[in-house]
Amino acid sequence: MIKPLRGMRDLAFEDAKKFEYFIDTATNIAKKYGYEYLETPILEESALFKRSVGESSDIVNKEMYQFIDKGGNDVCLRPEGTAGVVRFFISNKLDRQDGKYKFLYYGPMFRYERPQKGRFREFHQFGCESFGEESVYEDYTIIELISKIFDELNIAYSLEINSLGCSECMPKYKEKLVEFLEDIKDELCEDCQRRIKTNPIRVLDCKNQNCKTALSNAPKITDNLCSSCHSDFEKLKELLENSGIEFSVNKNLVRGLDYYNKSAFEFISSNLGAQNAIAGGGRYDKLVEFLGGKPTAAVGFAIGVERVLELLELPEQKREGYYFGAMSKEGVDKVVKVAKDIRKDNRAFVEFEPKKLKAHLKSADRQNSRYCCIVGEDELKNDTIWVKDLEEKREFIVSSDEFVKNI
RNA sequence: GUGGAUAUAGCUCAGUUGGUUAGAGCACCAGAUUGUGGCUCUGGGGGUCGUGGGUUCGAGUCCCAUUAUCCACCCCA
């Protein structure tokens, strides 16, 4: 038997319904904020992600589905969504238009990781990217947008925010931090000692208890922001407070990807185990320039769709549509014909196998159909159709000609 | 990539110190009820016991390998 590849899953039935419900809800809300749907290729040049996500990150180093295609190009399945959108933005020369552009996207992403709860090799993200808006009001607005999506879906979350500074203050802070870390190196776990070189900021959110205590006196980025970053961060907090969106400042919050600056945020669920982030994002003002475009401010986020589906309760499914069946071979032609007309406006299922009434009712019930429409001996004789409303438990007989009109 | 747990029917799981023909519940099909769904009762179909080796007179059970799943680490949405 051929099974799906490791970490890849079929999306069907209940989950498929949830997926559609989520995408519809999120898309509608994002559109109200001015975002337009954008679809970029799933396959891109590997260099795109090496440059944007960062050569040092695990995503690029060991988690990319990367290969040489038949034309000799070094390509990979996208491990995240932002880079492709930025690539689109630049290759369509939107960076030269000086305008404001907002895009929403959703689709599959691929990372060659060991699967666990809330983490798969093929997973889906829904994301928004806003270009050309440098005001901190936009950072706030995007957080508001995400909270609206979760509120609409009835999903509980907590919001954590931080500021990562800018090219002005971040490098200085990093130096300061590395200096501090080198001093306490012996008290840190093996992973953290390695991280001092590869990604010193990451040391801050190590889960190891020894590291945590050793780090209690570490310099904090929020105490080392330049004046513009500082005032933007203060403004962001003020805007969130005034709008009633609850949040906490997590000074150790670091975004996983290299390109973020200033505002960083994460929406966390407490019901998911270790992989508890359901949305993450922030500002990335340097990325467009870094990928060869004109300097353009940008801010965005992505929601982990599978993680959200795990938390999502579908609204109760109502009985809907028509079930057609015949009790003898002679009746089948008739129900097929009527179903065709019904399908102009309604869902119809036709059972081609003649069955007893009881069996038809049972099937119609199981399919959650609203009406069970049957042609038996009498109906064939009188050219009528017997209909039972499975919800109201009422039944009636209508002539075949009048059927579609009377429904 | 590292660690732990698990793998028996479509699903959830029993299966004794290794011993005849591998079981239950749910689901499915049929009948009880010749044209009335959800409840009840009766019957039925459905299994290479993850895969490959090994030990043994005999393996679902013991050993080795392998693959997959789940959870955690690393990393990340």
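Reminder, nothing fancy here: chain letters follow the sequence lines and each chain counts from 1.
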Dot-bracket for RNA chain B, 5' to 3', with Watson-Crick and G-U pairs under 3.5 Å, [ ] for crossing pairs and | for other-strand pairs: what is it? (((((((..((((.....[...)))).(((((.......))))).....(((((..]....))))))))))))....

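- Donor-acceptor pairing under 3.5 Å, judged by distance alone, is absent between the side chain of A:Arg119 and the base of B:rA72.
- In this structure, the side chains of A:Arg111 and A:Phe123 come closer than 4.5 Å at one or more pairs of heavy atoms.
- Rounded to whole Å, atom P of B:rU34 lies 15 Å from atom CG of A:Asp378.
- Using a 4.5 Å heavy-atom cutoff, the side chains of A:Glu138 and A:Lys102 are in contact.
- Across the protein-nucleic acid pair, A:Phe120 atom CZ and B:rU69 atom C1' stand 11 Å apart, rounded to whole Å.
- A:Ala279 comes within 4.0 angstrom of sugar-phosphate atoms only, judged by non-hydrogen atoms across all strands, and of no base.
- One P atom belongs to B:rG43, the other to B:rA24, and the distance between them is 11 Å to the nearest Å.
- One P atom belongs to B:rC57, the other to B:rU42, and the distance between them is 45 Å to the nearest Å.
- The aromatic rings of A:Phe126 and A:Phe301 sit tilted relative to each other, their planes meeting at an angle between 30° and 60°.
- Contact annotation for A:Gln367: no contact, since no heavy-atom pair falls under 4.0 Å across all strands.
- A:Arg307 approaches A:Ile278 most closely through the heavy-atom pair CB-CG2, 4.1 Å.
- In this structure, A:Gly81 reaches neither bases nor backbone, as no heavy-atom distance under 4.0 Å exists between it and the strands shown.
- Remark: A:Arg347 fails to qualify as a cation-pi partner of A:Tyr322 under the 6.0 Å distance and 45° angle criteria applied to the six-membered ring.
- A:Gly7 comes within contact range of the sugar-phosphate backbone alone, with a heavy-atom separation under 4.0 Å but no base atom that close.
- Of the N and O atoms on the side chains of A:Tyr37 and A:Glu39, at least one donor lies less than 3.5 Å from an acceptor on the other residue.
- Taking atom P on both B:rG53 and B:rA59, the two are 14 Å apart, rounded to the nearest angstrom.
- For B:rU56 and B:rG60, the C1' atoms lie 16 Å apart once the distance is rounded to whole Å.
- What separates NZ of A:Lys117 from C1' of B:rA77 is a distance of 15 Å, to the nearest Å.
- For A:Tyr112 and B:rU2, the OH to P distance is 12 Å, given to the nearest whole Å.
- Between A:Lys62 atom NZ and B:rU2 atom P there is a gap of 11 Å when expressed in whole angstrom units.
- Between A:Gln275 and B:rC76 there is no side-chain N or O to OP1 or OP2 distance below 4.0 Å.
- Contact of A:Arg114 with B:rU2 (side chain to base): a donor-acceptor pair of N or O atoms is detected under 3.5 Å.
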Encode nucleotides 36-41 of chain B as B, S and - characters from 5' to 3', where the letter depends on protein heavy atoms closer than 4.0 Å: B to the base, S only to sugar-phosphate, - to neither. BBB---

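- Residue-level contact check: A:Glu80 touches neither bases nor backbone, having no heavy atom under 4.0 Å from any strand.
- Look at CD on A:Gln116: it is 6 Å from P on B:rC73, rounded to the nearest Å.
- Taking each heavy atom of A:Gly300 and A:Phe265 in turn, the nearest pair found is O-CZ, 3.9 Å.
- The distance between atom NZ of A:Lys355 and atom P of B:rC29, rounded to the nearest whole Å, is 7 Å.
- When the C1' atom of B:rU34 is taken as reference, atom NZ of A:Lys356 falls 8 Å away, rounded to whole Å.
- Ion pairing between A:Lys235 and A:Asp139 fails under the 4.0 Å rule for side-chain N and carboxylate O.
- Defined by atom type and a distance below 3.5 Å, a donor-acceptor pair is present between the side-chain atoms of A:Asp74 and A:Gln66.
- Residues A:Phe120 and A:Arg9 form a side-chain contact, since some pair of their non-hydrogen atoms from C-beta on lies under 4.5 Å apart.
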